[in-house]
Amino acid sequence: MLKDKRIILGVTGGIAAYKAVELLRLLTKSGADVHVIMTRSAREFVTPLTFQTLSANPVHTELFSLIAERDIGHITLADRADLLIIAPATANIIGKIASGIADDMLSTTVMATKAPVLIAPAMNVNMYTNPVYRENEEKLRRFGYLFVPPEQGTLACGWEGEGKLAAPESIFEAAVAALSPRDLVGQTILITAGPTREELDPVRFITNHSSGKMGYALARTAQRRGARVILVSGPVSLPAPNGVELKPVVSADEMLTAVMARAGECTVIIKAAAVADYRPLTRSGQKIKKKGDELSLRFVKTADILARLGSLADRPYLVGFAAETDNLKTFAGKKLHEKNADMIVANDISRSDAGFHVDTNHAVLLFRDGRETECPLMSKDDLAAVILDHIVSEL
Ligand code: CTP
């Protein structure tokens, strides 16, 4: 996700410095080339060797290092960065930046960079609410500095309140958003994800193998790119993406109601959910007891949500999915026209590296005018980005 991105991670002196190690791991895992700058106080909490080992890059500590300054190290670092993160950021570094002070490697690099700067503060609650600090943060926000607010909790100093460094996952998410194009600002995108569950009795239900991963990847990516996202999700075991409006549903009927209620406010609807095509004719109020050697159940068709959306007079841009085990393009093309969608993402679910539960997907995108785009095997996050790129150009 962050492949080929060069990120500077500035670590300042607070007990939360150890959490920057976890953040570094998340950044490198997603492909970023991370260069760590530690202030003198940060080195009191964690050793540079930890960051050096995990980043596989030398850690910068001194402004006047003879080796790094052969090529004016702070300027080179600042020039080449795509993003600068300061986590944890003390009241001191924030005050220095707000006052234009550049007296060590980190503050000088911040002053010299044209890259976006993302600040994750961590401090005592009284420092955080101090009017001097508040004014510094507001000033930096006005200048376009980005902030990941601290969390509420028990602080290392014993106080309760706001000031705890945001979770590494939240800082990582903000970093990905800061590096994402903002090309979906102004769009409201509804995404359906996961399976539906059709109950037979209070104990049993019929469902399918959908994990929701593709729909959740689309929701995360669209939100990062600036869209307002409504995620209508069947039962899955995935965390709700940050900043997304989550509407949990269980059955195909509930999904239909939830989608149709919001369709009017959407510019785009992506139907990634694996909706049950049939539901039991009746739901028994009591547990169905074991009787003969065979059991027959009667099912009735559920409403086709995508087709309903396709028949709306003033409909949003519609993207459907087609999960097929054979005749991929023929069946997917038929769905595109029959359901009156604008794009169909066709997956061959007979492959072990595509479809349900796995993190990768191999898809063909089909469009109304007959165009086809083959997507090679890629992560569901990357495929989400490709699908959204196409939506942006189609809109
Ligand atoms: N879909 C829907 N409502 C349904 C069934 C499917 O909105 N009741 C949507 C899915 O979310 C997907 C697309 O239609 O975007 C295709 O779903 P898929 O299950 O592949 O196809 P079906 O139309 O159900 O046809 P079949 O089961 O015969 O392949």
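First listed ligand is number 1; within each ligand, the first listed atom is number 1. In this text the structure is predicted, and so the values were computed from the model without any measurement. Residue numbers start at 1 and run along the sequence shown.
Distance from atom 27 (O) of ligand 1 to its nearest protein heavy atom, with residue and atom name: Asp277 OD2, 2.9 Å. Looking at atom 3 (N) of ligand 1, its nearest protein heavy atom turns out to be Ile305 N, 3.0 Å.
Those atoms of ligand 1 that come under 4.0 Å of a heavy atom in Gly320, given as number and element, are 15 (O). Taking every heavy atom of Thr302 and a limit of under 4.0 angstrom, the matching atoms of ligand 1 come to 8 (N). Every atom of ligand 1 with a heavy atom of Ala273 under 4.0 Å away is listed here by number and element: 10 (C), 11 (O). Annotation for ligand 1: atoms under 4.0 Å from non-hydrogen atoms of Lys271 are 2 (C), 7 (O), 11 (O), 12 (C), 15 (O).
Using a 4.0 Å cut-off between charged nitrogen and carboxylate oxygen, Glu265 and Arg262 count as a salt-bridge pair. Salt-bridge annotation for Lys213 and Asp381: absent, with no side-chain N of the basic residue lying under 4.0 Å from a carboxylate O of the acidic one. In this structure, Arg283 does not pair ionically with Asp201, as no charged nitrogen and carboxylate oxygen lie closer than 4.0 Å. A salt bridge between Asp82 and Arg6 is absent, with no side-chain N of the basic residue lying under 4.0 Å from a carboxylate O of the acidic one.
For atom 26 (P) of ligand 1, the nearest non-hydrogen atom from the set Lys335, Lys301, Lys334, Lys339 comes from Lys335.
At least one N/O-N/O distance between Leu306 and ligand 1 falls below 3.5 Å. Here's the thing with Phe321: one of its N/O atoms is less than 3.5 angstrom from an N/O atom of ligand 1. The N/O atoms of Val275, backbone and side chain alike, include none that comes under 3.5 Å of an N/O atom in ligand 1. Checked by distance only, ligand 1 and Ala303 come closer than 3.5 Å through their nitrogen or oxygen atoms.
Within a 4.0 Å radius of atom 14 (O) of ligand 1, the protein has at least one heavy atom.
Annotation: Arg298, atom CZ; neighbour count of heavy atoms from other residues, nucleotides and ligands within 6.0 Å does not exceed 12.
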Checking Thr267 against Gln187 for the side chain to side chain donor-acceptor pair (under 3.5 Å) test, could you report, in this order, the C-alpha distance in whole Å, the side-chain angles of both residues, the deciding distance, and whether it holds? CA-CA 6 Å; Thr267 49; Gln187 305 293 341; 2.7 Å; yes
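Using 4.0 Å as the threshold, Ala252 has no heavy atom nearer than that to any atom of ligand 1. For the pair Ala322 and ligand 1, a heavy-atom separation below 4.0 Å is found.
The ring of Phe45 has its center no closer than 6.0 angstrom to the ring center of Tyr18.
Taking every heavy atom of both residues into account, Gln52 and Pro58 meet most closely at OE1-CA, 3.4 Å.
Note on Val358 and Val386: separate hydrophobic clusters, where clusters join Ile, Leu, Val, Met, Phe, Trp and Tyr whose side-chain heavy atoms are under 4.5 Å apart, directly or indirectly.
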